[in-house]
Chemist: 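Before anything else, here's the structure in question.
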Protein chains: 2
Amino acid sequence: MTIADRKPVHNDRAPEDRAQIIREHFRNAIIERRLAPGTKLSESEVGGLFDVSRTVVRSALQMLALEGLVRSERNRGAFVATPSPEEARQIFAARRLVEPGMAASACDRVEPADIAALRRHLRSEASLMAERGPSARRAEIRASGEFHLLLASVAGNDILYRFLEELTARSSLVIALYGRSGASSCGHDEHEGIVVALEAGDARRAAKLMLQHIDHIEADLDLRLTEGLPLSEALHLP
Amino acid sequence: MTIADRKPVHNDRAPEDRAQIIREHFRNAIIERRLAPGTKLSESEVGGLFDVSRTVVRSALQMLALEGLVRSERNRGAFVATPSPEEARQIFAARRLVEPGMAASACDRVEPADIAALRRHLRSEASLMAERGPSARRAEIRASGEFHLLLASVAGNDILYRFLEELTARSSLVIALYGRSGASSCGHDEHEGIVVALEAGDARRAAKLMLQHIDHIEADLDLRLTEGLPLSEALHLP
DNA sequence: ACAGCGAAGATTGAATACAATCTCTGCTAA
DNA sequence: TTAGCAGAGATTGTATTCAATCTTCGCTGT
């Protein structure tokens with residue numbers, strides 16, 4: 001695809017931080033839905049896969065658990081998280097609270113180079129949408145989330161960036177579980193609208209569009225499922 | 001003090017989670033400023049103190065590092081974080097973005113029992129302010145942050161609650177480093193105003209008061225210091 | 001046939017052992 | 001005197017070992 005995609009999993013960081021590297025591998029796998037919610041992550045197995053001891057794996061899994069991508073149960077192991085509908089609602093409520101303001105803040109600080117980067121990203125998203133095949137779909141899902149992170153980096157607040165990293169990753173899980181449509185095509189046009197507002201320096205409009213965008217993503221979910229039904233109803237028994 | 005303070009460090013949780021317990025001890029120590037920014041946290045020493053192996057300590061320190069309360073440098077150890085002025089600005093920018101909306105959200109969901117709990121907390125803050133001595137000061141600092149967490153719990157969003165836990169704790173560090181005044185007396189009246197707005201169901205006003213409150217806290221900081229001065233200027237050499 | 005129990009195997013939790021890196025002290029030499 | 005270096009000690013990073021818990025499978029008895 002475009003030049004912007006030349007990004008090896010870990011690039012500029014020292015070859016140390018092995019736990020961090022494992023963490024990012026899992027992050028990516030979860031975001032791109034190569035790992036289904038609920039998948040068991042055995043310490044020995046992961047350790048064998050990356051050729052490290054369980055010590056390092058545990059460290060990575062703990063980080064993932066703290067960002068909500070992994071649920072770890074004592075003496076039972078770690079699993080890819082399966083957010084409940086309530087959790088899903090909270091994730092999007094948090095995004096509604098944070099992202100519009102962040103978009104507005106980005107609007108105040110945006111520079112031509114940022115606009116260029118954002119447009120590059122939009123083109124990358126568009127070309128992925130045109131492609132066929134599951135690999136392109138995965139890349140598209142990921143790119144869609146990365147747009148929001150790109151915006152966060154324009155806003156220039158590392159703390160919010162980290163928080164949004166967590167929220168977008170967890171959103172991926174939520175969409176995998178409760179998404180209704182193709183779940184990916186939904187956002188691209190709206191992303192473009194936001195960039196336009198940014199370029200025009202219209203913070204108010206950028207915030208409004210971002211809010212709508214998040215609403216649209218959430219509207220595509222079906223959060224009624226598995227709401228803790230009384231089981232009799234869940235099974236459609238007469 | 002009041003009844004609301006009967007809260008042993010770890011209460012209802014199972015006696016397991018020893019790393020978690022250590023983490024909370026440190027959280028509290030840092031929030032109450034019994035541990036100064038920059039303090040070295042040696043794994044062996046902490047392990048000896050809590051009578052656990054370094055394995056458990058490392059786990060606790062990793063959690064603290066992820067929430068930004070501890071900075072850990074490879075092969076050098078872990079230290080109580082010393083937020084830079086820039087980091088401080090970002091922390092408060094994040095709070096300005098999140099807390100007003102959260103206060104409004106709390107306004108929509110607040111129930112009489114919540115108001116009662118909030119008022120109980122206000123009384124507790126007031127009585128701490130009346131007391132003398134460093135121990136009361138520490139408790140006051142902590143209570144001041146807990147007000148914001150109480151509000152977050154009324155809003156009913158666990159994810160935001162966690163985020164705010166991190167932000168208030170890091171704010172404590174920032175105030176310890178850059179606080180100008182007594183740093184504690186500042187907030188109480190404003191807390192009360194927010195509760196009044198909540199009780200009146202005036203979300204708009206609650207949000208506005210919260211924003212002002214955060215501005216006031218930040219205004220009490222002196223973030224000009226140690227901005228990476230050229231050292232010659234920092235030392236006042238002629 | 002099936003519920004209940006128990007031991008074997010597997011998996012995680014924690015402590016210890018070993019390796020790698022850093023820090024600090026004291027020496028040497030310019 | 002001081003810069004530079006070498007080595008001992010201390011500290012962290014990782015692997016390995018041991019203990020605790022859970023899961024599974026098969027057995028027994030009703």
Side-chain angles (χ1 to χ4, degrees), chain A residues 9-27 29-30 35-82 231, chain B residues 9-27 29-30 35-82 231:
Chain A
V9 177
H10 43 278
N11 193 5
D12 48 358
R13 196 174 43 263
E16 298 120 18
D17 303 336
R18 299 197 279 172
Q20 200 75 5
I21 289 170
I22 293 175
R23 167 181 167 235
E24 286 176 25
H25 274 271
F26 274 102
R27 266 186 63 86
I30 291 173
L35 274 176
T39 304
K40 170 87 186 278
L41 306 175
S42 148
E43 295 180 355
S44 322
E45 192 180 345
V46 175
L49 229 48
F50 286 91
D51 196 46
V52 296
S53 78
R54 279 175 47 219
T55 309
V56 178
V57 176
R58 285 176 73 83
S59 170
L61 290 177
Q62 182 181 346
M63 290 191 271
L64 289 162
L66 283 177
E67 26 182 0
L69 295 182
V70 155
R71 157 185 50 96
S72 89
E73 300 178 13
R74 187 181 177 86
N75 282 324
R76 295 206 357 101
F79 307 83
V80 177
T82 60
L231 182 62
Chain B
V9 177
H10 44 279
N11 191 6
D12 47 357
R13 196 175 42 265
E16 298 120 18
D17 305 337
R18 299 197 279 174
Q20 201 74 5
I21 289 170
I22 293 175
R23 166 180 167 235
E24 286 175 25
H25 274 271
F26 275 102
R27 267 186 62 86
I30 291 174
L35 274 175
T39 304
K40 171 87 186 277
L41 306 175
S42 147
E43 295 180 357
S44 322
E45 191 179 347
V46 175
L49 228 47
F50 286 91
D51 197 44
V52 296
S53 77
R54 279 176 46 219
T55 309
V56 178
V57 176
R58 282 179 74 82
S59 171
L61 289 177
Q62 184 180 344
M63 290 191 270
L64 290 162
L66 282 177
E67 29 181 0
L69 295 182
V70 156
R71 157 184 51 96
S72 91
E73 301 178 13
R74 185 178 180 87
N75 283 323
R76 296 205 359 100
F79 308 82
V80 176
T82 60
L231 182 61

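The sequence lines fix the lettering, A, B, ..., with proteins before strands; numbering per chain opens at 1. Bear in mind the structure is a predicted one, so any value in this text is a computation, not a measurement.
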Chemist: Output the rounded distance in Å from NZ (A:K40) to C1' (C:dA10).
Modeler: 9 Å
Chemist: Checking contacts here: which listed nucleotide (D:dT12, D:dT21, C:dT16) is nearest the side-chain heavy atoms of B:N75?
Modeler: D:dT12
Chemist: Short question: side chain of A:Q62, backbone of B:S59 - any donor-acceptor pair under 3.5 Å?
Modeler: yes
Chemist: Just verifying a value: how many Å separate B:F50 CZ and B:E45 CD, rounded to the nearest 0.5 Å?
Modeler: 11.0 Å
Chemist: Expressed in angstrom and rounded to an integer, what is the separation of B:R76 atom CZ from C:dT21 atom C1'?
Modeler: 11 Å
Chemist: Once you round it to whole Å, what is the distance between P of C:dT21 and CD of B:E43?
Modeler: 16 Å
Chemist: Please step through side-chain contact (heavy atoms from CB on, under 4.5 Å) for the pair B:E67 and A:L66, ending with a clear verdict.
Modeler: CA-CA 9 Å; B:E67 29 181 0; A:L66 283 177; over 6 Å; no
Chemist: Tell me whether the OP1 or OP2 atom of C:dT12 has a side-chain N or O from A:R74 closer than 4.0 Å.
Modeler: no
Chemist: By a strict heavy-atom criterion of less than 4.0 Å, which residues belonging to residues 62-70 of chain A are in contact with DNA chain D?
Modeler: none
Chemist: D:dG13 P sits how many Å from B:E73 CD, rounded?
Modeler: 11 Å
Chemist: Taking atom CG of B:L69 and atom CZ of B:R71, what is their separation to the nearest 0.5 Å?
Modeler: 13.0 Å
Chemist: When you match B:L41 and A:D51 each to their closest nucleotide on DNA chain D, which lands nearer the 5' end?
Modeler: B:L41
Chemist: In Å and rounded to the nearest 0.5 Å, what is the CZ to CG distance from A:R27 to A:L64?
Modeler: 8.0 Å
Chemist: Applying side-chain contact (heavy atoms from CB on, under 4.5 Å) to B:V70 and B:F26, what does each step give before you reach the verdict?
Modeler: CA-CA 10 Å; B:V70 156; B:F26 275 102; over 6 Å; no
Chemist: In whole angstrom, give the distance that lies between atom CD1 of A:I22 and atom C1' of D:dA15.
Modeler: 14 Å
Chemist: I need the residues from residues 54-61 of chain A with at least one non-hydrogen atom less than 4.0 Å from DNA chain C; give them sorted by number, or say none.
Modeler: A:R54, A:R58
Chemist: Determine, stepwise, if the pair B:E24 / B:Q20 fulfils side-chain contact (heavy atoms from CB on, under 4.5 Å).
Modeler: CA-CA 6 Å; B:E24 286 175 25; B:Q20 201 74 5; 3.9 Å; yes
Chemist: State, yes or no, whether a side-chain contact exists between B:R74 and A:D17 at a heavy-atom distance under 4.5 Å.
Modeler: yes
Chemist: Enter the distance from B:R58:CZ to B:S72:OG here, rounded to the nearest 0.5 Å.
Modeler: 8.0 Å
